[in-house]
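Order of listing sets the numbers, starting from 1, for every ligand and every atom in it.
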Amino acid sequence: MARLLLTFILGIFATGELTAEDGYRLWLRYDRIEGTSNRNDYRRPMQSIIIATPSGAESAIIQSARAEIARGLDTMLGRKLTTVHVVAREADPALGAEGYALENVTVDEEKAVRIRANSDAGALYGVFDLLRRVQMREPVHELAVVAVPKIDRRLLNHWDDLNGFVERGYAGFSLWRWHELPHILSPRYTDYARALASLGLNGTVVTSVNANALILTPVYLEKVAALAEIFRAWGIRTYLTARYSAPIEIGGLDTADPLDPTVQAWWEAKIDEIHEHIPDFGGFVVKANSEGQPGPHDYGRDHAVGANLLAAPLAADGRDGIVMWRAFVYDYEDDTDRVKQAYNQFVPLDGKFADNVLVQIKNGPLDFMPREAFSPLFGATPQTKQMVELQITQEYLGASLQLAYLGTMWDEVLQQDTFARGEGSTIGRITDGSLHGHELSAICGVANTGSDRNWTGHPLAQANWYAFGRMAWDHTLGARAIAEEWARLTFDADAEATTSIVELLMGSRETVVNYSMPLGLHHIMERGHHYGPGPWVEGGRADWTSPYYHQADAQGIGADRVASGSNAIEQYAPELQAQWGSLASVPDELLLWFHHVPWDYEMKSGRILWDELALRYQQGVDEVRAMITRWDGLRDQIDRERWQATRERLVVQEQDAREWRDACLLYFQQFSQRPLPEGVEPPEHDLQHYIDVDRRYFPGHPGDY
Ligand code: GCW
């Protein structure tokens, strides 16, 4: 035993790996800067750091800022030398509520870095920015940085159940250990909050939209309060999900009708009670009358009446709580094309929502597919505040087994022009409130975090958490710049290797599109857990089947959403209808989202549709192989643990890509009756083999276990 241990220890020294690279530190690694003169570049200008806020007061957040400076600089610079001074200085309107400025100043002939902000949270974000620059070895002697978030509420949404299960979670169980709270406080809660604050995120919804009323009972509110207190010290406000039928389930009432005075009184008292536990409570996210959740429709009331019930007490007594009312609604008894339903339900309600209500809209009108046309609801209700909901967890993009950097997808979404008020009416500008002049704005991402040591399962999926946070701060930063920043912070690789990692990330989402749902195909995955191909999935409600969406038949394939079909296209601005409505001008990426196209239709490439489709699937597989080759080239640049963990996942991804290709092409071939074009590898098995694959116990699926 002793000998074994010795061999192990010697082994560690031999490889020089003293700390295991398990990914826990995320992008906040703070490794020591090599070389005294390199360290001196930072030591000199940062002998003192001045934090200047209007109050100049010490607070829990300022304590966090101090702790982070010590933790970061002391380690990176090799010794303790920075002193932090907190001073009062008048507010600067240019910095908004949570922005900051970084500048070099000289005080008593000593150099210092000054962080100016109008709030403690702003100062904390400035600290993280400064540390990021040091981590990236960027100069800090000529600082002239002003950064202001474009969106007020920048939130993660956790789809975490109270029993620890994470819906669509692929990185273990929930981070919240409800049975231990409020007495046992995992140090991980602080590290979670640090990670959020380092990105400028300022809120978290700790419970799932498929809500459990129990969270609103005193026993649980005490637990939430314990988390909220930790988060508060990092500028993070806590939010909850509200189960609409809570007045019945935990309140003993016999109705949850929003117009019933006893229901109103119940929510008022409940919201008062929440504030006793969590004075800075952020508000609620509500999934109502969607996928079986209760809601105001149960009482013949509309979404606005439903949302305003909760909004009023959240704004009472000078509170600034908000309601994020989800637009992810569709009804299987309604045979309107599912992608049209949210627009139909919400557009007539424009102007009826209270001031502190935001309608929370998924980027696409269906459900976080690898690619969708954007939700036409964006921009269609100018008097109603709208916010985008993005999905960081990879429900439809390979869970935590496949690499899909979503920064590129979110760029596509946030820069998408809706033409709601002429050119430049992007979803980014709708979400930040500037398009329609709304004061209050919010954005959220469904978290990909869990109890796995590295937080996100796939080591590279940390990039998605990072990208969401950075884009929530500023949706114009760009996916590539963010990927580069993340790669530099996360791996100590040289410039060439960093470029290679960035290239790998940048192409990865399109690769997943190619091997799973190319040319605008969507919703053809396995039932329930949603991992792997399932174009054959039928039975049960129509809008949960695959043929409802791909509509493959002997003539062709694709959802007919122009005038000959559901005419969903009429919900878009005329500019987009003109572009997307015609086969000649619709981009290949959205072809089968809007059109049912004959198998022998001649594509822009000159190939017929069937051949193009088959080659796209093949391209997806080829691209994964190229990713493996690229990763192999990084072997000596990246620590063994993270390199190996990623390598193993890429191998799974290649196999999965082949499965998608073979299963989908064999299935669609039954309709097209055409041979695979040259260049497409023959399938390994027959169709039945793929149909028979049963991954029932794949994580994240709330169904039968
Ligand atoms: O994406 C789908 C998921 C459900 C999820 C739902 C929603 C939380 O399959 O698991 O439920 O959307 O967004 O409400």
Side-chain angles (χ1 to χ4, degrees), residues 155-171 174 205-212 215 239-244 284-295 297 303 306 324-332 338-339 341-342 345-346 359-372 375 377 387-400 404 406 409 413 443-450 464 468 516-517 522-532 534 537 540-541 543-546 548-549 695-696 698-705:
L155 315 183
L156 286 189
N157 281 16
H158 288 271
W159 286 356
D160 293 20
D161 290 346
L162 300 183
N163 62 4
F165 172 79
V166 182
E167 185 155 346
R168 311 308 173 187
Y170 311 105
S174 175
V205 188
V206 294
T207 49
S208 173
V209 290
N210 289 332
N212 185 334
I215 197 71
Y239 298 69
L240 294 172
T241 45
R243 182 155 165 92
Y244 215 74
F284 289 124
V285 176
V286 188
K287 172 177 178 177
N289 294 119
S290 157
E291 300 187 331
Q293 295 296 312
H297 289 183
H303 292 294
M324 290 160 281
W325 192 267
R326 294 177 92 225
F328 180 64
V329 294
Y330 61 100
D331 193 342
Y332 69 99
R338 174 168 154 186
V339 303
Q341 294 187 29
Q345 287 192 36
F346 279 86
V359 173
Q360 177 169 320
I361 311 169
K362 291 187 182 185
N363 56 274
L366 180 54
D367 188 9
F368 297 135
M369 291 296 128
R371 173 171 281 113
E372 299 191 30
S375 167
L377 188 52
M387 60 184 280
V388 68
E389 173 179 328
L390 303 169
Q391 194 182 43
I392 311 171
T393 193
Q394 291 166 238
E395 177 178 356
Y396 300 103
L397 290 103
S400 55
L406 302 177
M409 172 155 117
V413 170
I443 184 167
C444 72
V446 181
N448 64 346
T449 49
N464 289 330
F468 170 74
S516 63
M517 307 189 200
H522 48 282
H523 205 292
I524 56 169
M525 67 289 159
E526 257 301 7
R527 192 195 285 282
H529 54 68
H530 300 163
Y531 188 89
V537 168
R541 50 189 284 185
D543 56 5
W544 283 1
T545 69
S546 298
Y548 180 91
Y549 300 98
R695 292 192 176 88
R696 174 187 302 236
F698 199 84
H701 173 219
D704 96 294
Y705 275 88

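- At least one heavy atom of Arg326 sits less than 4.0 Å from an atom of ligand 1.
- Close approach of ligand 1 to Phe328 is summarised as follows: ligand atoms under 4.0 Å from at least one heavy atom of the residue are 6 (C), 7 (C), 12 (O), 13 (O), 14 (O).
- At a 3.5 angstrom cut-off on N or O pairs, Glu167 counts as close to ligand 1.
- A donor atom on one side chain and an acceptor atom on the other are not found under 3.5 Å apart for Asn157 and Glu389.
- Taking the six-membered ring for Trp and thresholds of 30 and 60 degrees, Trp325 and Tyr244 have ring planes more than 60 degrees apart, a perpendicular arrangement.
- Of the options Val209, Leu155, Val285, a side chain to side chain contact (heavy atoms under 4.5 Å, CB included) to Gln360 is made by Val285 and by none of the others.
- No side-chain donor-acceptor contact under 3.5 Å links Asp160 to the backbone of Ser174.
- Distances below 4.0 Å separate heavy atoms of Val209 from the following atoms of ligand 1: 8 (C), 14 (O).
- In this structure, a donor-acceptor pair under 3.5 Å is absent between the side chains of Glu395 and Tyr170.
- Nearest to atom 8 (C) of ligand 1 among the protein's heavy atoms is Asn210 ND2, 3.3 Å.
- Among all protein heavy atoms, the one lying closest to atom 6 (C) of ligand 1 is Glu291 OE1, 3.4 Å.
- Heavy-atom contacts of Arg168 reach the following atoms of ligand 1: 3 (C), 4 (C), 9 (O), 10 (O) (cutoff under 4.0 Å).
- Using cut-offs of 30° and 60° on the angle between ring planes, the pair Trp159 and Phe368 is tilted.
- When only non-hydrogen protein atoms are considered, atom 12 (O) of ligand 1 lies nearest to Lys362 NZ, 3.0 Å.
- In this structure, Glu372 contributes its side chain and Leu366 its backbone to a donor-acceptor pair below 3.5 Å.
- Counting only heavy atoms of the protein, atom 9 (O) of ligand 1 lies nearest to Glu395 OE2, 2.5 Å.
- Among protein heavy atoms, atom 2 (C) of ligand 1 sits closest to Asp367 OD2, 3.0 Å.
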